[in-house]
There are 4 protein chains.
Amino acid sequence: MPRLPTATKEDTLIETRQRLLETAAAEFASNGFASANINHISTLAGYAKGTIYNYFPSKRSLMLALIDEIGAKHTNFIVTQVMSADDPVQRVRQFFHAGFAFVEQNPLQARIAISIVYGHDEEFKQRIYQTYERLFNLIIQDIVESGITHGDFKTIDSSATAGMLMSLYLGSCSQLDSDGKIFFDPGQVAAFALEGLQLRG
Amino acid sequence: MPRLPTATKEDTLIETRQRLLETAAAEFASNGFASANINHISTLAGYAKGTIYNYFPSKRSLMLALIDEIGAKHTNFIVTQVMSADDPVQRVRQFFHAGFAFVEQNPLQARIAISIVYGHDEEFKQRIYQTYERLFNLIIQDIVESGITHGDFKTIDSSATAGMLMSLYLGSCSQLDSDGKIFFDPGQVAAFALEGLQLRG
Amino acid sequence: MPRLPTATKEDTLIETRQRLLETAAAEFASNGFASANINHISTLAGYAKGTIYNYFPSKRSLMLALIDEIGAKHTNFIVTQVMSADDPVQRVRQFFHAGFAFVEQNPLQARIAISIVYGHDEEFKQRIYQTYERLFNLIIQDIVESGITHGDFKTIDSSATAGMLMSLYLGSCSQLDSDGKIFFDPGQVAAFALEGLQLRG
Amino acid sequence: MPRLPTATKEDTLIETRQRLLETAAAEFASNGFASANINHISTLAGYAKGTIYNYFPSKRSLMLALIDEIGAKHTNFIVTQVMSADDPVQRVRQFFHAGFAFVEQNPLQARIAISIVYGHDEEFKQRIYQTYERLFNLIIQDIVESGITHGDFKTIDSSATAGMLMSLYLGSCSQLDSDGKIFFDPGQVAAFALEGLQLRG
DNA sequence: CATGAATGAGGATTCATTCAT
DNA sequence: TATGAATGAATCCTCATTCAT
């Protein structure tokens, strides 16, 4: 049915797989993994029930593939933009800007990632942590430790600080107003992360 | 089986309900709402399948009752301790101390609360936001705005700041090490919230 | 609760039983036996769940007791009025008049009786046929055969004719208009039974 | 298991549906709707539990589909045969002959129809009345009113008379002897309907 | 590769019934 | 005798998965 005559066989395979991952994202984002309906996913993608099993051996493995995809995309998106700045302070700002932009451009994927991070499924959690390892390392080394070395940041526990930056990021970008837009401004959050609440003496 | 001959009828009712809520917390915390098994809950509580329906009309309403309980307990726990300090800066520290203590003492309840806040079920989300309204108001008024008035904090958007403090709290207290202990130290997080990353000039 | 202080113990027993039978009639009439809820019955009667089992060993036996009561009442009601007429033709008219009057005065009981007669439960059917035996005999002997003997009626199969009269009765009295009133007039039905459709040559 | 390799897909679908409707008829006829077991139906039809839900969204909708089928078949069967006679008196006889023949050939379906007409489920009742509308109109116009016009029948209320004919039909065809055969002879019932009990002067 | 009918384990929910008080 | 908390068998329905076509 969705057969593009000009595409090679392999292209078609990849396209179908991609289409399935996209509709899976929609379904998982709105219903969560356990309540998601595999039938909806293939139907929405324009395929029959069974097709999904030609691409993924199970519902769970579909989710795992989706997690991998989301994690890679999310990480790439942020890493690229953070590294385009040289100054650690600028990198913090870039981190929140890029992070929020990703959420705005990929709301379904972001919702899935966040609900997994804060959810109860240990396998999914492990998997998403793996895919975010590069992002964590970036924050630890290229943001926090780099900032300490540069004399911009306090000599703080870099790993814990990375965790707090991630918490701040994931928490604030999941607070949406009634239109589904992120409630916060990335600059605001970056300022909070950099300067905190207190007035400087 | 759980027939306490010395207890009055009403006491028994309340005890049974409480027992069911506790085992429900365990089940919901480890499996999430959709994957939780109502039979497990009653069986773990020492009752037969049907008993739960003498107390709650449905699985969903059991969850809602649990949310109400968790929200009230969580809010009370934190509000009481925050208000025991007078100084806004101290209150921020108290907020994280009390918050982390609650999570340590009620890990199941905390997991449920966090997974709902960052999850996909809109009804549960709304319900938990309701129960946390008092806590939000506390952060806005008695921490942030009070700190601004006292000249301790910058003149920041108090509502957004409250959201960031909550994000920081929920995010950091849900990062556990391999023993299930919270990875962070509340003082550390409070310091981050108060002072941020940057060195003061 | 429904405790009349002036009544003797036995009276109370009988009254309670009666009250239970009445509310049972309401429940069985509107929901049918299988869908009837035993709890509704006792609650509507003003008693607790368990009380019904002090009077009837099971839901089924409650229905059987109700069938007995309905059958006896129905039979008595019609037999008495039919026998008050001497002429077989008049008796036919009385049969329909009395029968329709019973239905009007006891709509719930009538509904139950009719749904059992045309229903699928063999035990209930047998039981209601037993309680209607006297009524059948009345129609056969004191209406049809008596009419044949008197020279009023054709020499027809009296047993089959009794069945047709009952069919006509039960069928027409269960056709209700939108107000729940019987759609037919007993005189009309009696005339049909006596004279049929055809014009007399 | 019921994989007919020679049949087209659509044929298989229709056959399976038909098979399910037939076994459903057996189950509903012997146990009534509320006590019928959906698993029995599919198992008896040679399918697994879930298969029925590929064809009917619920037990209730299965019954509704069955009602539609029964009503259509029943109506067609009688209408065709009644209209094959021209004389209203003959049509009355045909009505009972055809009606009784239908019951003999479709005992399960007939039982279901009758128990619904005289049962307590309003939705089922409404549905079956809809499917019998054509039959009612036939009796009113093409039997009774036609008979009045021809000068064969008295000038009676045609709608009420139709109701009485239906009552007589449904009531008498549901009286079975111990072998499950209809107790009455259609000619006998037709004679009763045409001439009544009384001797003609 | 795509299909979709069939499967059947799994799970929420109902409710007649019991029995200790 | 009346109560109502507890029971657990029974049953509808869902849906991930299989597999013949």
Side-chain angles (χ1 to χ4, degrees), chain A residues 1-3 9 12-13 16 34-43 46-60 62, chain B residues 1-3 5 8-9 12-13 16-17 34-43 45-60 62, chain C residues 1-3 9 12-13 16 34-43 46-60 62, chain D residues 1-3 5 8-9 12-13 16-17 34-43 45-60 62:
Chain A
M1 168 181 326
R3 199 80 48 82
K9 247 183 204 173
T12 307
L13 277 178
T16 302
S35 301
N37 187 322
I38 262 249
N39 193 18
H40 286 357
I41 295 173
S42 37
T43 305
Y47 294 95
K49 241 197 271 252
T51 300
I52 220 160
Y53 288 92
N54 298 327
Y55 291 85
F56 305 95
S58 69
K59 185 186 180 185
R60 181 158 277 268
L62 168 61
Chain B
M1 173 188 322
R3 215 43 78 60
T8 70
K9 250 180 202 173
T12 307
L13 275 175
T16 301
R17 198 187 126 97
S35 301
N37 186 323
I38 264 261
N39 292 355
H40 287 355
I41 296 173
S42 38
T43 305
Y47 294 95
K49 305 182 199 196
T51 300
I52 220 160
Y53 290 93
N54 296 334
Y55 291 84
F56 305 96
S58 69
K59 185 185 178 184
R60 181 158 276 269
L62 168 60
Chain C
M1 172 178 323
R3 198 82 44 81
K9 251 182 202 173
T12 307
L13 278 177
T16 302
S35 301
N37 186 322
I38 262 249
N39 192 19
H40 286 358
I41 297 173
S42 35
T43 303
Y47 293 95
K49 240 197 270 247
T51 301
I52 222 160
Y53 289 92
N54 297 328
Y55 291 86
F56 306 95
S58 70
K59 184 185 181 185
R60 181 158 276 268
L62 167 61
Chain D
M1 171 188 323
R3 210 52 68 65
T8 70
K9 249 180 205 177
T12 306
L13 274 177
T16 301
R17 197 188 127 99
S35 301
N37 186 323
I38 266 259
N39 291 354
H40 287 355
I41 295 173
S42 39
T43 305
Y47 294 96
K49 305 183 197 193
T51 300
I52 219 160
Y53 289 94
N54 296 332
Y55 292 85
F56 305 95
S58 69
K59 185 185 177 185
R60 180 158 278 267
L62 167 60

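Letters A, B, ... are given to chains in the order of the sequence lines, protein chains preceding strands, and every chain is numbered from 1.
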How close do B/Ala48 and B/Ser42 get, counting heavy atoms only, and between which atoms?
O-CB, 3.4 Å

Nucleotide F/dT21, atom P - distance to CG of D/Leu13 in whole Å:
15 Å

Reckon C/Lys59 has a side-chain N or O less than 4.0 Å from the OP1 or OP2 of E/dA16?
yes

For F/dT11, does either OP1 or OP2 sit under 4.0 Å from a side-chain N or O belonging to D/Asn37?
yes

What's the CD1-P distance between B/Ile38 and F/dT11, to the nearest Å?
21 Å

E/dG8, OP1 or OP2 - any side-chain N/O from D/Tyr53 closer than 4.0 Å?
no

B/Lys49 atom NZ is separated from F/dT11 atom P, nearest whole Å, by 13 Å

Roughly, in whole Å, what's the span from OH in B/Tyr55 to P in E/dC15?
19 Å

Here's a test of your reading of the structure: between A/Thr51 and C/Arg60, which maps to the more 5' nucleotide of DNA chain E?
A/Thr51

If I compare all heavy atoms of B/Lys59 with all of B/Ala36, which pair ends up nearest, and what's the gap?
NZ-O, 2.9 Å

With the side chain counted from C-beta on, respond yes when B/Leu62 and B/Ile41 share a heavy-atom pair under 4.5 Å apart, and no when they do not.
yes

Return the 5'-most residue of the pair B/Ile52, D/Ala34 with respect to DNA chain F, ranking by each residue's nearest nucleotide.
B/Ile52

Assert: residue with more 5' nearest nucleotide on DNA chain E, out of B/Gly50 and B/His40, is B/His40

Taking N and O atoms by type only, does the side chain of B/Asn54 place a donor or acceptor under 3.5 Å from a partner on the base of F/dA5?
no

In Watson-Crick or G-U wobble terms, both distances under 3.5 Å, what is the partner of E/dT7?
F/dA16

Close side-chain approach of A/Leu13 and A/Tyr55, heavy atoms under 4.5 Å:
yes

Roughly how far, to the nearest 0.5 Å, is NZ of C/Lys49 from CD1 of C/Ile38?
11.0 Å

Any D/Thr16 side-chain N or O less than 4.0 Å from OP1/OP2 of E/dA6
yes

Whole Å only: how far is the CZ atom of A/Phe56 from the C1' atom of F/dT17?
16 Å

Please state how far atom CG in A/Asn39 lies from atom P in F/dT18, giving the value in whole angstrom units.
15 Å

